[in-house]
Amino acid sequence: MKPEILSQIDAAAMLDDVQNWCAINTGTGNLDGLGAQASALADAFRVLPGEVELVDPSPVTGMAADGSEFQIANGQHLVMRVRPTANRRVLFTGHMDTVFPQDHPFQQQTWLEDDVLGGPGVADMKGGIAVILHALKAFEASGRSSTLGYDILINSDEETGSLASSDLIAELARGKLAALTYEPAALPDGTLAHARGGTGNYSITLSGKSAHAGRNPEDGRSALVAAADLILRLKAMEREDITINPAKLEGGGPNNVVPDHAVLRFNIRPKSTEAMERFDSALNNLLSQIESEHEVRAHRHGGVTRPPKPVDAKAQALFDLVKECGAELGQRIGWKSTGGVCDGNNIAACGVPVVDTMGVRGGSIHSADEFLIVPSLEERAALSALVISRLADGALAGDLN
Ligand SMILES: [Zn+2]
């Protein structure tokens, strides 16, 4: 028996939305494209019974090779609040940016097979945004929506780590019964991503003292030698539950000068919250040691941007609900852990259960072979609509404290 709510889902309209949205370039740094996308999305989402708001990005700084900090520009984020006074409230999140800048060769959509569309963002994740919109349209048309309120966030900087939207994500996650994020399924068969590791990016500036390499090298304090020592000691901090990747070293100069400046960039992948916290305090100790042993100064920029996402009992209950709804629709829903990260990490860090791969089936994301399995638009909208109607009927509410 096909649940009544599903008759409202219009597969052709979903595909139209995806094709229109993917015709706009929204590389994370393309502010004009992101502006055009935000207004197209605002027009589309206004059919839902709430207010659409465009929210300015939080300030974000980067560190240049000379050690100075600079501002990174980001686009506005779309936020919509529906029935904000409802007792049970849910968060839906997606992102409008892609990894393809304006000058990237991959800009066009191509039909790869009868029901497989290639194009930038078709799966990651403008297809997912269409799933949010059309699942909620079906839910609102069902006449059973009054008990459930929700917020929608479509941010503009997910692909660069959501630094300009992480505060907004945390604010919107607060007090929510559950969250659903619309990254594409972890595998083309619809498998969901379960537990995720975290990620952090650091830049360490080392300042020493320059001197003539022949006349008075003993007066110099080499930032480069200190950086080399730091790299080896960082790498030695790897454990079963954390990997550390020294990625780039900048600095140095002519052969006859003791170099006084270096910048080291590295990435960490903690598998648990404990590993993340242990590393952070160990790093401070290590930097103090490097400072005193090499008589240099160390300045630290960056940190963990996506905390690890373990799956606790509350989150597992949400996975189970999605699986149950899938079974009712004849969809077999499984899950597996992954090393990838997304906004689901940030939501889980707020203590809110989240399933973060509710978007379409597709694959080869972040490459010019990205594709969307088109029938999955309707299929995943049906899955979401059913999950949402269960949440409205009181599923998981017993876990609400
Ligand atoms: Zn994505």
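All ligand and atom numbering here is 1-based and tracks the order in the structure.
- E53 has a carboxylate O that lies under 4.0 Å from a charged side-chain N of R81, or vice versa, which qualifies the two as a salt bridge.
- Among the backbone and side-chain atoms of C342, none of the N, O or S atoms lies under 2.8 Å from the Zn ion (ligand 1).
- For the Zn ion (ligand 1), the N/O/S atoms of E183 include one lying under 2.8 Å.
- Classified by interplanar angle (parallel below 30°, tilted 30° to 60°, perpendicular above 60°), the ring pair Y202/F266 is parallel.
- Within D124, the N/O/S atom positioned nearest the Zn ion (ligand 1) carries the name OD1.
- Heavy-atom contacts from other residues, nucleotides or ligands closer than 6.0 Å to NZ of K235 number more than 12.
- For F45 and F92, the ring centers are positioned 6.0 Å apart or more.
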